[in-house]
Amino acid sequence: MSEALRKELQIYEEKNACVFQVMGALKLLNIKVKSFVKRLEKVDPHDEKKQMELNKAFVYLDQEMKHFKKEYHMLKEHDILISSVETFTKNIDMLFTKGMEGEYTIVEMRKISVYIYRMIEVLLNDLQKWKH
């Protein structure tokens, strides 16, 4: 095997490992978001006590999304450009506009978390297509 071919194969393996790592992070995030959505489905939209409790948990989703942005930068470092992942990552900051201090309503949390859940499915699909 020539040196150029060996180097090309090594680059491909590194990119593939990076995609696997990002997919793993997305799958873990998907599990967390899905469980949060299930919790939200059981709560009355007007239950203020539960809303306060869920806001505390919602802060963790915000932190998880910020962590995913770091994972995304690995893709960029390896010149793996997938438009859906790039767009989603850019939109993360717009999802959590109230930050750590603001209180979200049950309806707002539901909209944001369902959007995240559905988008993760799209992203996983797009990453899977890239691998093939």
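Start at 1 with the first residue, then count along the sequence. Scope of the values below: all heavy atoms of this structure, side chains included, with no hydrogens, waters or symmetry mates.
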Inter-residue atom distance [X].[atom1] - [Y].[atom2], 0.5 Å rounding:
| X | Y | atom1 | atom2 | answer |
| --- | --- | --- | --- | --- |
| Glu71 | Cys18 | CD | SG | 8.0 Å |
| Asp126 | Leu26 | CG | CG | 10.5 Å |
| Lys70 | Thr89 | NZ | OG1 | 13.5 Å |

Check: Should Lys15 and Asp79 count as an ion pair when the cut-off is N to O under 4.0 Å?
Finding: no
Notebook entry, point to check: Charged N to carboxylate O below 4.0 Å: is that the case for Lys7 and Glu3?
Noted result: no
Item checked: Pairing residues for Phe20 by the side chain to side chain contact (heavy atoms under 4.5 Å, CB included) criterion, not counting sequence neighbours -> Asn16, Lys131
Item checked: Verdict with reasoning, Tyr117 to Phe36, per ring pair (Phe, Tyr, Trp, His ring centres under 6.0 Å) -> CA-CA 10 Å; Tyr117 176 73; Phe36 187 77; over 10 Å; no
If you take all heavy atoms of [X] and [Y], which pair is closest and at what distance?
| X | Y | result |
| --- | --- | --- |
| Arg110 | Leu40 | NH2-O, 2.8 Å |
| Ile106 | Asp44 | CG1-O, 4.1 Å |
| Glu103 | Glu108 | O-OE1, 4.2 Å |
| Ile82 | Trp130 | CD1-CB, 4.0 Å |
| Ala57 | Arg39 | CB-NH1, 3.7 Å |
| Leu29 | Glu64 | CD1-CB, 3.5 Å |

Note to self: Students often mix this up, so state it plainly: with edges at 30° and 60°, are the rings of Tyr104 and Phe58 parallel, tilted or perpendicular?
What the structure shows: perpendicular
Are there more than 12 heavy atoms of other residues, nucleotides or ligands under 6.0 Å from atom [atom1] of [X]?
| X | atom1 | result |
| --- | --- | --- |
| Glu8 | CD | no |
| Lys111 | NZ | no |
| Glu48 | CD | no |
| Tyr60 | OH | no |

Margin query: Given 3.5 Å as the limit, does a donor-acceptor pair link the side chain of Ser35 with the main chain of Lys32, or not?
Written below: yes
Check: Under 3.5 Å, is there a donor-acceptor pair between the side chain of Asp47 and the main chain of Lys50?
Finding: yes
Notebook entry, point to check: Does any pair with a residue in residues 64-85 pass ring pair (Phe, Tyr, Trp, His ring centres under 6.0 Å), and if so which ones, sequence neighbours excluded?
Noted result: none
Checklist line | Asn55 and Val59: CA distance, side-chain angles, deciding distance, side chain to side chain contact (heavy atoms under 4.5 Å, CB included) verdict | finding: CA-CA 6 Å; Asn55 262 284; Val59 168; 5.9 Å; no
Quick one, [X] and [Y] - any side-chain contact, counting heavy atoms below 4.5 Å?
| X | Y | value |
| --- | --- | --- |
| Phe88 | Met65 | yes |
| Met109 | Gln51 | yes |
| Glu121 | Arg118 | no |
| Met23 | Leu124 | yes |
| Lys69 | Asp93 | yes |

Hydrophobic cluster membership, [X] vs [Y], 4.5 Å side-chain cutoff:
| X | Y | answer |
| --- | --- | --- |
| Leu123 | Tyr115 | yes |
| Val122 | Ile116 | no |
| Ile80 | Ile11 | no |
| Ile92 | Met94 | no |

